Amino acid sequence: MPECPMPDRLDHFGPELLLDVPARGTRRRAVEEALREAIRAGRLTPGTRLPSTRDLAAQLRLSRGTVAQAYEQLAAEGWLTGRSGSGTRVADGVPQPGADRTAGDRAPAVRSRPGPRHDLRPGRPDARAFPRDAWGRATRWAIREAPADAFEDGDPRGRAELRGTLAAYLGRVRGVRVDAAHVIICSGYTQALGLLADTFGGLGMTGAGMENPSMPDHVTVVAARLRVADIGVDAGGMSVAGLAESGARVAVCTPAHQFPLGMSMSPERRSELVSWAQDSAGWIVEDDYDGEFRYDRRPIGALQSRLPARTVYVGSTSKSLGPAVRLGWIACPPPLLEPLTEAKRLARPSSTLEQLALARLIDSGDYDRHLRTVRRGYRQRRDQLAATVRSRLPQARVLGIEAGLHAILELPDGAPDEATVMRRLRAASVGVHPLGAYTRGPSGHAQEGPALVVGYGTPPAHRYQAAIGALAEELRGLLA
Ligand SMILES: Cc1ncc(COP(=O)(O)O)c(C=O)c1O
């Protein structure tokens, strides 16, 4: 059988293909059978582009004519199709594994369920507002300008460029006091929380006080390592008395905008919390998840600036850009730097190229410009929500709207319970969350009656008014 020499350069190759060509029979038949088998086994799915005859011949060390004949035969049998310009592909409708099984035999498909028609679920920004052009520019710049070492593993704290940029940025916009050496880049707040729980556990701490209500995923992450004490929240924020009583040495909180209730921690409570950390050698974990979105011209700086030595400040791009970016940052007190960096090293550093792109986005001013634009849009949405509730649901109250991308809609006395309200809203495809989904047991927080957490970031702008209109209409029906 004639053999093609392997070319020296492989850079003209199209798609690669792992093909188990049996040794028996003629070479053409063997290639045909190997392709049929790969299709039957589902390794080659309908639409998959195959290598060109030249490439496959070179890979298999066969003559090009042998592979071309095999492709022709399989096309004649309906296994392959040749489309001009796009090469040879696996045909649609070829038998796939499991096609002969009954529905009951099949593994359940993992499918993402479509969201509600009126999507007011909290915790998400408007995906359509992602600054594609600016991010594209920043990414291209990063790829072009990245030094060679950016393509290696590098410093587990993250790229020095981004750490330097963030130290300056966080000082400028959030009042955070940190130098670049003490910034650790991570993959968002939730990862940071897991790394911190490991770190605190490794340092011998056993308990963490967490606000009640708060994000259930965050509680799950911490509870995997530390005993979680539920700490009540009142109008001033997390109860420091409750924290002291719990004996925990770690306090996890959202001082700028309590999640989900929405109040900011009062100045008195901040002072109490700082004293608690100083007196009990405690650690504060500050989740500054939406600090960029403050609407009342009363910017509330980070608590970290009051006690950088004992506060771990954490921020994330999940609200400012979108959760797809998966980057966050930790301003780390010096004594925690080494164990936290080691925890991040074990979890592996975050994508270097994305880090360089984010640094570029911030340095170029595009990040600030983007935030100004989306902040304006979100403020309008918040105003629309408040106006709609005022006019169509005057019995209800909208709370926690000074900042962020969500509000609490407190239903009046005599309203049905949250489960009943949620059933009705679900039936009308209105997506919100009940406050109870964030509360663990009796919380003692201000909203004891039924309340909803309404996110106003998610729907596209043209569907927003309809979404809050549908919410108001359904609730009106329930409250009538
Ligand atoms: C309270 C709170 N903290 C932090 C985050 C950000 O988490 P991550 O950076 O892991 O996406 C969110 C995002 O939904 C949040 O709601």
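Worth saying up front: this structure is predicted, and the values here are computed from it rather than measured. Order of appearance sets the numbers: ligands from 1, and atoms from 1 within every ligand. Hydrogens, waters and symmetry mates are skipped; everything else that's a heavy atom, side chains included, is used.
- Annotation: side chain of K344 is in contact with side chain of Q191 (closest heavy-atom distance under 4.5 Å).
- With sequence neighbours left out, the side-chain contact (heavy atoms from CB on, under 4.5 Å) criterion links D287 to Y189, H218, T254, Y289.
- The pair R348-D153 does not meet the salt-bridge criterion, since no charged nitrogen lies less than 4.0 angstrom from a carboxylate oxygen.
- R172 meets the side-chain contact (heavy atoms from CB on, under 4.5 Å) test with Y169, D368; sequence neighbours excluded.
- In this structure, ligand 1 sits under 4.0 Å from heavy atoms belonging to G123, G188, Y189, T190, M215, H218, F259, D287, Y289, S316, S318, K319, R326.
- By the side-chain hydrogen bond (donor to acceptor under 3.5 Å, both in side chains) test, R294 pairs with D296, sequence neighbours left out.
- With a 6.0 Å cutoff to the six-membered ring centre and a 45° limit on the axis angle, R381 counts as a cation-pi contact of Y464.
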